[in-house]
Amino acid sequence: MRLSQSFGKTLREDPADADTNSHRLLVKAGFINQLFAGVYSYLPLALKSLKKIENIIREEMDLAGAQEILLPTLQPEDIWQKSGRLDAFGDTLFRLKDRRDRDLVLGPTHEEVVSQLVTGHIRSYRDLPVNLYQIQTKLRDEARPRAGLIRVREFAMKDAYSFHADQNDLDKTYDRMVRAYRSIFARCGLNVRAVEADSGAIGGKDSQEFILLADTGEDEIVLCDSCDYAANMEKAESNIDNIIDDSKDGLKEIETPGVKTIDALSKKFGVSKSKILKSVAYIVEGTMVLVMIRGDLDVNETKLSNYLGAQDLRIASDVELKERGLVPGFMSPVGLDGVRIVADPSIDAQTDLIVGANKEDYHYTGARHKVDFLIEELVDLNRVQQGDKCIKCGGSLKIERGIEVGHVFKLGTKFSDTFGATFLDSDGIEKSMIMGCYGIGVGRILGAIVESNHDEKGIVFPKTISPAQIIIVALNNDDITVRDAANQLYETLVERGIETILDDRDESPGVKFADADLIGIPVRATVSARSLRNGNTVEMKKRTDANNESINISLDDVKTIIETII
RNA sequence: CGGAGCGUGGCGCAGUCUGGUAGCGCACUACACUGGGGGUGUAGGGGUCGUAGGUUCGAAUCCUAUCGCUCCGACCA
């Protein structure tokens, strides 16, 4: 590609509305252009990189035994009604009507469609397993698109769906897909970690996310510093030391005027927060649920939402508390009736606790679970904190941020049951297919690559993803001998199958060097009057080399030039 | 959906407080010079100041409404 003729321009100044590095650089280097919130046009350079990512994904998927198909974007609303995900997706679903007034949606994902497809095509265990994938545009009306390509509303995604006769077979394919994913990310030059993930209210059992650790990421990741435990915060667990204290002073009501917070109680009584019971009231799909957890811990709302099987969950307001006879700041499970209470096992400590008294300005001391109050629903609701102990090895946990670039999970039979995706097994019994699904965001990978491969001058592409393998910078393009030499080198390389960019613009040397660095092509070849005088050579420099580092190679020595590139 | 910020040529911005009919840098066009890290000069073209109302002799500027974009949070099979 000749830069003088290619569409898309580099910018001299940073775009004003791009905060993250990948967003800023992709716009500045002329890769992408925003149409409106979360929707981008991909210009020639971006498309070259995206196609490379897609091809790596295709190769690895084919190798893993998956077959490429293409499913429709336009989908009837009723299959979403049927799967129960019309509500689950809610406003994230783009909805429209056709001319006959039929309700349609633009596909945010394809479990429904593929389940329906498979239902009609597979009747016997002999046809299983089957693993289907596609690379296709997904549409999701995200509440808040952000960070350029990291979260968008229209994006290319590779999604794969596998169907199995039994769990064991799913496990095998799942593992194979995990290996394929690791290989994909490695080939894209991304140092990605697999972490345990929450599969959501509608998901299945096992689930892993592939996360690129990055400060600009949206996900919080819990990592152990001494073993391989890694989990998304939504799912992460930690070991909580139980407190045991044999002395028992009995329940006492104490006046605590204006002392409403865990902090204030801790100060007033001179005890650690772990000796205080924290009460948090939630409104869950219109009903109040009171959550109890030890004072030094926090509630993980994803865990709570999963346990309750509820989508809509928020902290209750003081007004809502008072309407139900609760006293904000002094809530308590002691003597409370008529409100559902759920508690984290940490409250089951064998020690005296300070709890509210359900009346203004009073607390109890000496309260104990199973003695002074009883909570039947005990379930892990703890939100892991920095420095907590690892549940696998006891090591120290740390919290980092990351970008989710892939997600795999075992769906089970939820969709098969709904869509009647059944088969006749070898024992003559009709069964539901067991399903797995596997997703990778193609555009998000490009964003993630730039996010983790750049310096102060611009993008530093890995060879495998770069829009081209080499950029030839022709300095002093007016000079016919330079122009001819650069052109000839360009044509030779292109003939040999090397993806080459020729900067044949009439720009000053500084501009060309700066743009070559900004675009991030791995190797730069400078052809100039100077290099021609210097034994008819070209100066080769890697993007990662310092400015003045370069080697001279004779223009006739095409073999060495190519070896330097690949 | 809550909170904050911002909408002025293609891009980055000033002007808004204190109303007087739009300016700077980059980019673009032409010519000349220059030629190894965003070079120089001369001459140009391009903007209903997000939109709609209102106040006023007069609105980019004041008032009201509305739309959009970004960031933080909530949300995110």
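The structure displayed is predicted, hence computed values, not measured ones.
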Chemist: Taking only residues two or more places apart in sequence or in another chain, which ones pass side-chain hydrogen bond (donor to acceptor under 3.5 Å, both in side chains) with A:Gln488?
Modeler: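 Result, side-chain hydrogen bond (donor to acceptor under 3.5 Å, both in side chains) vs A:Gln488: none returned.
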Chemist: Grab the CD-C1' distance between A:Glu218 and B:C76 for me, whole Å please.
Modeler: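 Going from CD in A:Glu218 over to C1' in B:C76 covers 8 Å.
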Chemist: Starting at the 5' end of RNA chain B, which residue's closest nucleotide do you reach first, A:His23 or A:Thr302?
Modeler: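 Its nearest nucleotide lies further toward 5', so the answer is A:His23.
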Chemist: Which letter, B, S or -, goes with each nucleotide of nucleotides 8-13 of chain B from 5' to 3', with contact meaning a protein heavy atom under 4.0 Å?
Modeler: ---BSS
Chemist: If I pick the C1' atom on B:C62 and the same atom on B:C49, what distance separates them, to the nearest angstrom?
Modeler: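 After rounding to an integer number of Å, I get 15 Å for this pair.
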Chemist: Counting only side-chain heavy atoms from C-beta out, which of B:A77, B:G39, B:C75 sits nearest to A:Val511?
Modeler: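 Nearest to the side-chain atoms of A:Val511, counting from C-beta on, is B:G39.
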Chemist: For nucleotides B:G23 and B:G9, find the distance between their C1' atoms and express it as a whole number of Å.
Modeler: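 Taking atom C1' in both B:G23 and B:G9, they lie 11 Å apart.
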Chemist: Given the P atoms of B:G54 and B:G45, what is the spacing between them in whole Å?
Modeler: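 So the two P atoms sit 35 Å from each other.
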Chemist: Not counting sequence neighbours, list each pair that qualifies as a side-chain hydrogen bond (donor to acceptor under 3.5 Å, both in side chains) and has a residue in residues 516-526 of chain A.
Modeler: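 Not a single pair qualifies under side-chain hydrogen bond (donor to acceptor under 3.5 Å, both in side chains).
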Chemist: Looking at A:Arg85, does any N or O in its side chain come under 4.0 Å of the phosphate oxygens OP1/OP2 on B:A77?
Modeler: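 Checking A:Arg85 against B:A77: no side-chain N or O falls below 4.0 Å of OP1 or OP2.
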Chemist: Establish, with yes or no, whether the OP1 or OP2 oxygen of B:U70 is under 4.0 angstrom from a side-chain nitrogen or oxygen of A:Arg146.
Modeler: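 No, A:Arg146 has no side-chain N/O under 4.0 Å of OP1/OP2 on B:U70.
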Chemist: Could you state the CG-P distance from A:Leu35 to B:G68, rounded to the nearest angstrom?
Modeler: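 Rounding to the nearest Å, CG of A:Leu35 and P of B:G68 are 14 Å apart.
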Chemist: Quick one: list whatever passes ring pair (Phe, Tyr, Trp, His ring centres under 6.0 Å) with A:Phe163, sequence neighbours left out.
Modeler: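 Expected list: none.
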Chemist: So A:Gln34, base contact, sugar-phosphate only, or nothing? Heavy-atom distance under 4.0 Å.
Modeler: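 Sugar-phosphate: the residue A:Gln34, judged by heavy atoms under 4.0 Å, touches backbone atoms but no base.
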Chemist: Using whole Å, report how far CZ of A:Phe36 lies from P of B:C69.
Modeler: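 Atom CZ in A:Phe36 sits about 8 Å away from atom P in B:C69.
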Chemist: Would you mind telling me which of B:U70, B:C76, B:G35 lies closest to the side-chain atoms of A:Asp478?
Modeler: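 Nearest nucleotide to the side chain: B:G35.
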Chemist: Report which part of the nucleic acid A:Lys9 touches: base, sugar-phosphate, or nothing (heavy-atom distance under 4.0 Å, all strands).
Modeler: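 A:Lys9: backbone/sugar contact only, no base atoms under 4.0 Å.
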Chemist: When the distance from CE of A:Met233 to C1' of B:C76 is rounded to whole Å, what number comes out?
Modeler: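 It is 17 Å, rounded to the nearest whole Å.
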Chemist: Whole Å only: how far is the CG atom of A:Asp506 from the C1' atom of B:G39?
Modeler: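 Roughly 13 Å, once rounded to whole Å.
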Chemist: Among A:Leu213, A:Ile399, A:Ile211, which residue satisfies the side chain to side chain contact (heavy atoms under 4.5 Å, CB included) criterion with A:Leu223?
Modeler: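 Result: among A:Leu213, A:Ile399, A:Ile211, A:Leu213 is the only option passing the side chain to side chain contact (heavy atoms under 4.5 Å, CB included) with A:Leu223.
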Chemist: Please list, chain by chain and in numerical order, all residues satisfying ring pair (Phe, Tyr, Trp, His ring centres under 6.0 Å) with A:Phe461, sequence neighbours excluded.
Modeler: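 A:Phe461 satisfies ring pair (Phe, Tyr, Trp, His ring centres under 6.0 Å) with A:Phe31 only.
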Chemist: Taking any strand in view, what nucleotide pairs with B:G35 in a Watson-Crick or G-U wobble way, both distances under 3.5 Å?
Modeler: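 The base-pairing partner of B:G35, which may sit in any strand shown, does not exist here.
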Chemist: What integer distance in Å separates A:Glu142:CD from B:U70:P?
Modeler: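 Taking CD of A:Glu142 and P of B:U70, I get 13 Å after rounding.
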Chemist: Evaluate side chain to side chain contact (heavy atoms under 4.5 Å, CB included) for A:Phe155 paired with A:Arg444, printing each intermediate quantity in order.
Modeler: CA-CA 8 Å; A:Phe155 57 100; A:Arg444 189 180 277 186; over 6 Å; no
Chemist: So which nucleotide from B:G35, B:A27, B:G39 ends up closest to the side chain of A:Asn476?
Modeler: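 The answer is B:G35, which lies nearest to the side chain.
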Chemist: Got a sec? Which of residues 443-451 of chain A come in under 4.0 Å of RNA chain B, heavy atoms?
Modeler: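 RNA chain B contact set from residues 443-451 of chain A: none.
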Chemist: Base of B:G35, side chain of A:Asp479 - is there a donor-acceptor contact under 3.5 Å?
Modeler: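 Flag unset: no donor-acceptor pair detected.
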Chemist: To the nearest Å, give me how far apart CZ (A:Arg151) and C1' (B:G73) are.
Modeler: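 After rounding, the gap between these two atoms is 14 Å.
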Chemist: Please measure how far the P atom in B:G19 lies from the corresponding atom in B:A32, and state the result in whole Å.
Modeler: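 Those two atoms are separated by 50 Å.
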Chemist: By the 4.0 Å heavy-atom rule, please label A:Thr109 as base, sugar-phosphate, or nothing.
Modeler: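 Base, at least one base heavy atom under 4.0 Å.
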Chemist: Separation of A:Arg505 atom CZ from B:G38 atom P, in whole Å?
Modeler: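 Roughly 14 Å, once rounded to whole Å.
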